[in-house]
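See structure below.
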Amino acid sequence: MSELAKAYEPQEVEKKWYAAWQEAGCFRADESSEKEAYAIVIPPPNVTGILHLGHVLNNSIQDILARRARQQGKEVLWLPGTDHAGIATQAKVERELRESEGKTRRDLGRDEFLKRVWDFKNTHGDIIIKQLKRLGCSCDWSRERFTMDPEYTKWVSQVFVDLFNEGLIYRGKRMVNWCPVSLTALSDEEVIMKPSKSKLFTMKYELSDSPGEFIEISTTRPETLMGDVAVAVHPKHPKYSKWIGKMVKRPFPEALIPIIGDDAVDLEFGTGALKITPAHDKVDFEIGLKHGLEIIDVLHPDGNMNTPDLPEFDGMDRFVARRAAVAKLEEMGLLIGVEEYENSVGYSERADVPIEPRISMQWFLRYPEIGKSTEAVANGDITFRPARWAKTYAHWMENLQDWCISRQLWWGHQIPVWYRKDKLNDLKNAESLETKDAEAGDIYVGVEPPTEGDWERDEDVMDTWFSSWLWPFATMSDVGENSQTLKKFYPTADLVTGPDIIFFWVARMIMAGYRFEDQLPFKNVYFTSIIRDLKGRKMSKSLGNSPDPIDLMDKFGADGLRFGLMRIAPVGADVRFDESSVEEGRNFANKLYNACRFRQMDGNEFAPLPAVKGLPVYHIQVMAKLDKLQADLEGIYGEYRFGEIAQRLYEFLWNDFCDKWLEAVKADLRESATAEARAAALGTFDAVMSRYLQLLHPYMPHVTEELSERMDYVSKGEFVMSKVLPDTPLLAELSPGEIEAADKQATAIYETAGRLRNLKAEYNVGSRKDVRFIFKGAAAWLSGEINVLALLAGAAEILTDDAYEAPKGTPAAVTPVGEAYLPMEGLIDVEAEKIRISKEIEKMQIEVKKAEGKLGNASFVDRAPPEVVEQEKQRLEDWKTKLAQLGEMLDALK
RNA sequence: GCGCGCUUAGCUCAGUGGUAGAGCACAUCCUUCACACGGAUGGGGUCGCAGGUUCGAACCCUGCAGCGCGCACCA
């Protein structure tokens, strides 16, 4: 028997087993296996990333699914990797460069800068991988991928080339979301609308041919006034429509601009007149196009003013310029009013500054396979859990806009397009570039650079998600089209991810899967909860409300963290995280460990289970409960209700196994117990515990592996993680009737013990073990269970005596197995007992009344299902019996 | 404006038609030889509000309120 410390210490154990699993190759997927395939691809964390609780939840679920699939005898591939995360990574390296050397990326030049980013990736990129290992993730690390691996990059380029040739990718001058900090275009998804307290300024422009007459205009952005090229009014505007076609004076720089009519203008809003700045507003841009208006860009890419004609504004920050413009308008007497105004302003997701609508030359993708992809989710070929996300998905798919895929960054996959040097200027300013331009030989689009001629490559890189959307198959197919991995494991089974990237990633992967592999990439998508703090706020670094999972693992163990988090994560709702749940996870591991420690007092050699027929009812009951647990879990796994699984596992061990069975069985492990009783107890323990450890393993892999070894449940060199879960119930040989009979008896004993303890507590002898109980009218079978009952109730002796005449005032209780008395010197108190019993009778009478009322209601008896009525009758009968017994007791006191 | 979700014990949450639950917190007792990261006992809820359906509603329907999220608009 190995000495076990009193409390479970996970740190060393977890490290040891993770190393052992890796050493033994337990995580490796065999692409030539005959077994049924099960695959998950990890949502690749950013290389710059550090593990947070969202990762913990997400990867715990994936690990549970992977480990569960292995237990079902499947060949499992959990494919890990990281994402190059263009903007985030580049920004991080640029910041370090600025802080340590005071340089910008342009100081270094593209090649040198990229070298720095690679250095960063090579030194920091595996931090999060190490952290995932610490958590116990059973990924096949031999297949770890990075979105900028050479083979992966080739895939990305190939996809670009194919889609370009198909006419789905084109370059064009468009209004895009521009981040003035990151200095790049962003996709619509990377813009976050934030409600903001703004000011709505109302100003007036004077009509050129009727001095003294003004048109009033409201705006939130007076600083773009220099870019105004028109004033638009609704054609039905009561006051202004008659002025359509007239010119007004733009105050600075002074110019005459026309009043135009357009029904895009909202009559109700502001004054009903709208200043048109095509360069800096999406709606204005479209109106400008329609009316053939000039585009005047008054901002630099970094968001500072670009107004050489107005030196007082030139180079000014856009928000400073706003105040300056207002001041100037006021000075000129053109400002009419300022009001507080709530509107939504688009912010750059990464840089967290207001984005600037800006016209620029960008590459766009017309999404492929929209119809099929929409249909796949609608008809259930792909299941979303919770299902309501399917609606969100459908809505987005219906309103798809072309995807801006080019980014003005250096870190990423460079656009595989080359321009003929002699036509460079024309090409760079061309309104659009498409397939025909490649056919004409002006541009070259290919995976490999052109071999002859003088070309210059497009400087832009692609949106990170343009590589991520290929993740499910690009990670599997890097040994060519005939990759066995791809054949064996694609499409994958489950995708586990956050609902916040349903558009960024999930929807796009579905389209890519159909387009490039002609198959959906996964069958189920499980959207995890978003983790918030106790105040309901999102976890974030800036709020400092995000606990470090590594600290939590140091404190409570990886298993404790996993279990604690899983147990509180609801399906489809946010989870409010509190450290106490992780503490509970740790406590649970400790409880499990100590249950096994108790067993080891009787040695740690596996004890075979004797024939189940004729075993004590407690043993049969606990095995029946385990069988039911296993069967139930099967169904709950099918519904992906992970929190409920954890809860069921928790309740079985703590309540059924430890609190009840383990206490009852102590009677059979005493020195005085027979060898037969001991063997039955130990055999039951091992049968139940070995199976239970398997059931728990996906949630708490380390402690279950440790205990399986220590308890002799696996043979040398074998791992519980690789062991197939048997599907035969422990009690396969017993009939349901036999099981039910045992269950009833065991339950009666446990309930009776509870009543006796309750009685002791009420008389303040809860902790005394020297008490004696006497039963009157006890069931015949009780005599065989007296020892166990005494043990559970904490009594020195329990007697049955139908002729017993209790002294008046003796504490007494009605139990499922008869009337119980607690005769003890000093406890006898007639008045107290009268009050206590009367209270109980009162409670009981209410119940009886309720039941009688129900059964007296003809509609209930006629219309409710017969079993419900039967149940109600049974209940009433029980209560009446009890009431009668209590009545007798009360009478005896009088 | 459209859509989705939530509202159950002090806190965090289970519970989808048939006697209101768990964990934590709280109170009392117990350091009894698996576990104080523990055991025992107990207090605590008109299940957001108002209607409706039903023999019966926390659960189904309608409306309302509060909170949260997404989308669109936002001069």
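Please read these numbers as outputs of a predicted model, since none were measured by experiment. Quick note on labels: first sequence line is chain A, next is B, and so on, each numbered from 1.
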- Would you mind classifying the nucleic acid contact of A:Pro865 as base, sugar-phosphate or nothing, using non-hydrogen atoms under 4.0 angstrom? base

- A:Ser859 side chain: which of B:rG23, B:rC55, B:rA40 is closest? B:rC55

- Message: Closest approach to the side chain of A:Glu584, judged atom by atom: which nucleotide of B:rC30, B:rG23, B:rG38 is it?
- Response: B:rG23

- Can you check whether A:Arg597 has a side-chain N or O nearer than 4.0 Å to OP1 or OP2 of B:rC35? yes

- For atom CD of A:Glu797, decide whether the heavy atoms of other residues, nucleotides or ligands shown that lie under 6.0 angstrom number more than 12. yes

- Item | B:rC11 and B:rG51, which share atom name C1', separated by this distance in whole Å | 32 Å

- Item | Residues which pass salt bridge (Lys or Arg N to Asp or Glu O under 4.0 Å) with A:Lys199, listed by chain and number, not counting sequence neighbours | A:Glu340

- Quick one: does A:Asp686's side chain have a donor or acceptor within less than 3.5 Å of a partner on A:Ala607's backbone? yes

- Message: For a quick test of reading the model: is some side-chain N or O of A:Asn594 closer than 4.0 Å to OP1 or OP2 of B:rC37?
- Response: no

- Please determine, for the side chain of A:Ala864, which listed nucleotide (B:rC71, B:rC35, B:rG18) has the closest atom? B:rG18

- Message: Students often get this wrong, so: under 4.0 angstrom with heavy atoms, is A:Ala589 touching a base, only sugar-phosphate, or nothing?
- Response: nothing

- Item | Sugar-phosphate only, base, or nothing, as touched by A:Trp879 at under 4.0 Å among non-hydrogen atoms | base

- Report the distance from atom CZ of A:Arg648 to atom P of B:rG21, rounded to the nearest whole Å. 17 Å

- Message: In whole Å, measure the gap between the C1' atoms of B:rU54 and B:rA40 for me.
- Response: 43 Å

- Query: When you measure from the side chain of A:Val283, which nucleotide among B:rC74, B:rU41, B:rG38 comes out closest?
  - Reply: B:rC74

- Could you work out which one of B:rA22, B:rC55, B:rG38 sits closest to the side chain of A:Asn587? B:rG38

- Task: Please confirm whether any donor atom in the side chain of A:Lys6 sits under 3.5 Å from an acceptor in the base of B:rA36, or the reverse.
- Result: no

- Any Lys/Arg nitrogen of A:Arg250 or A:Asp228 sitting under 4.0 Å from an Asp/Glu carboxylate oxygen of the other? no

- Message: By nearest atom, which of the nucleotides B:rC74, B:rG38, B:rU19 is closest to the A:Lys591 side chain?
- Response: B:rG38

- Can you tell me, in whole Å, how much space there is between the P of B:rG17 and that of B:rC64? 26 Å

- Query: Does a side-chain N or O from A:Arg757 land closer than 4.0 Å to OP1 or OP2 of B:rU41, or not?
  - Reply: yes

- Name the closest nucleotide to the A:Arg641 side chain, picking from B:rG15, B:rG18, B:rC35. B:rG15

- Message: Taking only the P atom of each, what is the distance from B:rC35 to B:rC26 in whole angstrom?
- Response: 24 Å

- Distance in angstrom units between A:Leu662 CG and B:rA40 P, rounded: 12 Å

- In whole Å, what is the span from the CG atom of A:Asp578 to the P atom of B:rU12? 10 Å

- Task: Take the angle between the ring planes of A:Phe527 and A:Phe384 and call it parallel below 30°, perpendicular above 60°, tilted in between.
- Result: perpendicular

- When all nucleic acid strands are considered with a 4.0 Å heavy-atom cut-off, which category describes A:Asp862: base, sugar-phosphate, or nothing? nothing

- Closest nucleotide among B:rU41, B:rA34, B:rC55 to the A:Arg863 side chain: B:rC55

- Note on the structure: Checking B:rC55, B:rC4, B:rU19 against the side chain of A:Lys391 (C-beta onward), the nearest is B:rC4

- Query: Would you call the rings of A:Phe642 and A:Tyr640 parallel, tilted or perpendicular, where under 30° means parallel and over 60° means perpendicular?
  - Reply: perpendicular

- Message: For the backbone of A:Gly603 and the side chain of A:Arg599, can you confirm whether one donor and one acceptor N or O come within less than 3.5 Å of each other?
- Response: yes

- Nearest-angstrom distance from the residue atom CZ of A:Arg221 to C1' of B:rC74: 13 Å

- Message: Please compare A:Asp281 and A:Val868 by the position of their nearest nucleotide in RNA chain B and report the one closer to 5'.
- Response: A:Val868

- Task: Please work out if A:Asn764 contacts a base, only the sugar-phosphate, or nothing of the nucleic acid, heavy-atom cut-off 4.0 Å.
- Result: nothing

- Message: Say we look at B:rC59 and B:rC24: how far apart would their P atoms be, to the nearest angstrom?
- Response: 29 Å

- Protein-nucleotide distance (A:Asn590, atom CG; B:rA34, atom C1'), rounded to Å: 10 Å

- Give a yes or no on whether a donor-acceptor pair under 3.5 Å exists between the nucleobase atoms of B:rC4, that is its base, and the side chain of A:Arg388. no

- Message: Distance check needed: B:rC37 C1' versus A:Tyr593 OH, whole Å only.
- Response: 12 Å

- Query: Considering only heavy atoms and no angle criterion, is a donor-acceptor pair shorter than 3.5 Å present between the side chain of A:Glu663 and the base of B:rA34?
  - Reply: yes

- Check side chain to side chain contact (heavy atoms under 4.5 Å, CB included) between A:Glu286 and all other residues, then give those that pass, not counting sequence neighbours. A:Lys282

- Within this structure, what is the CH2-to-P distance between A:Trp389 and B:rG5, rounded to whole angstrom? 11 Å

- Query: Using atom P of each nucleotide, how far apart are B:rC47 and B:rG38 to the nearest Å?
  - Reply: 33 Å

